[in-house]
Amino acid sequence: MIIPTRAAGLQALDDFVPRAGGAYARDRNHDLGARRDNVSGLSPYLRHRLVTEQEVVAAVLSRHSQGAAEKFVQEVFWRTYWKGWLEQNAEVWRRYRRDVAELAAGDLPPGYAEAVAGRTGIDALDAWVHELIDTGYLHNHTRMWFASIWIFTLGLPWQLGADLFHRHLLDGDAASNTLSWRWVAGLQTKGKTYLATAENISRFTEGRFSPTGLAETARALTEEPLPSRTPFETDDVVGAVEGRVGLLLHEEDLEPESLLAERPGLAGRLVAAAVAGDAEERSPGGASGVVTAFTVGALEDAAGRARDGDGRAARLLSDARPPTIASWAVTERLDTVVVPYAPIGPVHERLDALRPVLASEGIGLATVRRGWDSEAWPHASRGFFPFRESIPSLVRRSGLASGGPSV
């Protein structure tokens, strides 16, 4: 059970730090089933920023040298990289959303119902489907195998597989999930696919699975050319912050203390609220009960920590509809609603819809982006390997240079 609180995330980080060096690099690719002590288990906390990337990397580098912890630090930066890449290529997200909506509205392809019910006859895939639905978790290596079998063995649309993950993964975010599926399919790095093999699955699951009948080739999928990338807004704070200010938290960033510490002028005596999106916002099929419970729990935890100048905890709003948020802002006599910047994805779309509704009430909407993202995202204009070369300098500029021993 993954407890949706910052305290639980910090405890998980503390438990993992001793293993973040050589042990992680050696064992991280093994899916050991219910035993997960070879990985950090931090991704649900990072995905919602109950715990931030900066404090995770800082904790690891306080114990290990940058060389020893290189693999883990890179995994933290993968999430940052995917977000930065999608920010500059938002058409990829828009196409994915349209494709999923069209597929869901029509006749679903043969084999889809059996796949999502865990009845394909491929023992590994069927077991992973049940693990995903029951727990909201799959090992990272397993996600690659799953996507490869889905696309190349079952011949199912990658968009529906990505949608299945997005509905059920506790750590599923728009960028990491969508772009990882595209990478397996040969779309993200054009022509480069990932092929799951029985030998590789058997080796890294300690012989638990050795599926037969898997595709032996993986021909890359194709798509219409994408438009040129669009550089993102360079200012960290977009929108005027004036008058009486309210902070609106959402599930993309639930650590208000460190966010406001980066912009101390915003804190003042602001009032606060927190709101979760509707299940259907994530997908036409909605979000799973496991995901919804975690998200609501995380928001409740953040609301209890986000207190105004009078010591009041944030109010948890009943829903994320623009009229509900506008009503809160009007009741609190706000001039400006400040929100943590939401990367491209469902929450970003929600805030775009909210802006004109607030404006009709004479209330501004301002977004605040963390310095971590502002520093890293410009380096995400190409593939991960060029981005990877920037990680040491990004770590230094964040003040996180290693002070740990070379272990």
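Here the structure is a predicted model, which means the values were calculated and not measured. The figures that follow rest on heavy atoms only: side chains count, while hydrogens, waters and symmetry mates do not.
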Between the side chains of Glu91 and Arg98, is the shortest nitrogen-to-carboxylate-oxygen separation below 4.0 Å, so that they form an ion pair? yes
Taking every non-hydrogen atom, the tightest pair across Ala329 and Ile363: CB-CD1, 3.6 Å
With side chain to side chain donor-acceptor pair (under 3.5 Å) as the test, would you mind laying out the steps for His48 and Glu252 before giving the verdict? CA-CA 5 Å; His48 295 285; Glu252 295 290 336; over 6 Å; no
Between Arg203 and Asp31, is the closest basic N to carboxylate O distance under 4.0 Å? no
Does a side-chain N-to-carboxylate-O contact under 4.0 Å join Arg370 and Asp236? no
Between Asp171 and Ser43, do the side chains contain an N or O donor and an N or O acceptor separated by less than 3.5 Å? yes
Decide side chain to side chain contact (heavy atoms under 4.5 Å, CB included) for Asn89 and Trp85; before the verdict, give the C-alpha distance in whole Å, the side-chain angles of both, and the deciding distance to 0.1 Å. CA-CA 6 Å; Asn89 298 272; Trp85 192 94; 3.4 Å; yes
Do Ser374 and Arg369 get their side chains close enough for a donor-acceptor pair, meaning under 3.5 Å? yes
Within the 3.5 Å criterion, strictly below it, is a donor on Arg244 or Thr336 matched to an acceptor on the partner's side chain? no
State plainly whether the residues Glu332 and Arg312 are in salt-bridge range, i.e. N to O under 4.0 Å. yes
Might you point out which heavy atoms bring Ile2 and Pro44 nearest each other, and give the distance in Å? CD1-CG, 4.0 Å
Quick one: do Glu375 and Arg397 make a salt bridge, cutoff under 4.0 Å? yes
Can you confirm whether the side chains of Asp173 and Ser176 place a donor and an acceptor under 3.5 Å from each other? yes
Output, in order, the C-alpha distance, side-chain angles, deciding distance and verdict of side chain to side chain contact (heavy atoms under 4.5 Å, CB included) for Arg263 and Val237. CA-CA 9 Å; Arg263 298 282 179 265; Val237 180; 3.4 Å; yes
CD of Glu206: more than 12 outside heavy atoms within 6.0 angstrom? yes
Is it true that the side chains of Thr80 and Trp372 contain a donor and an acceptor less than 3.5 Å apart? yes
Verify the ring-centre separation between Phe16 and Phe72: is it less than 6.0 angstrom? yes
Ring centres of Phe209 and Trp128 under 6.0 Å apart? yes
Using 4.0 Å as the upper bound for N to carboxylate O, is an ion pair formed by Glu75 and Arg79? no
Can the ring centres of Phe77 and Phe384 be said to be less than 6.0 Å apart? no
Around atom CZ of Arg219, are there more than 12 heavy atoms from other residues, nucleotides or ligands closer than 6.0 Å? no
Check the angle between the aromatic planes of Phe387 and His379 and answer parallel, tilted or perpendicular using the 30° and 60° thresholds. perpendicular
Are the charged groups of Arg97 and Glu349 less than 4.0 angstrom apart, N to O? yes
Quick test of your reading of the model: are Arg95 and Asp99 salt-bridged, counting only N-O distances below 4.0 Å? no
Check against side chain to side chain contact (heavy atoms under 4.5 Å, CB included), Val368 and Leu259: CA-CA 8 Å; Val368 183; Leu259 178 69; 4.1 Å; yes
Within the 3.5 Å criterion, strictly below it, is a donor on Gln11 or Asp15 matched to an acceptor on the partner's side chain? yes
Just checking, is any N or O donor in the side chain of Ser202 or Glu199 under 3.5 Å from an acceptor N or O on the other one? no
Hey, is Arg47 close enough to Glu251 for a salt bridge, meaning N to O under 4.0 Å? no
Determine whether the side chains of Gln74 and Tyr81 contain a donor N or O and an acceptor N or O closer than 3.5 Å. no
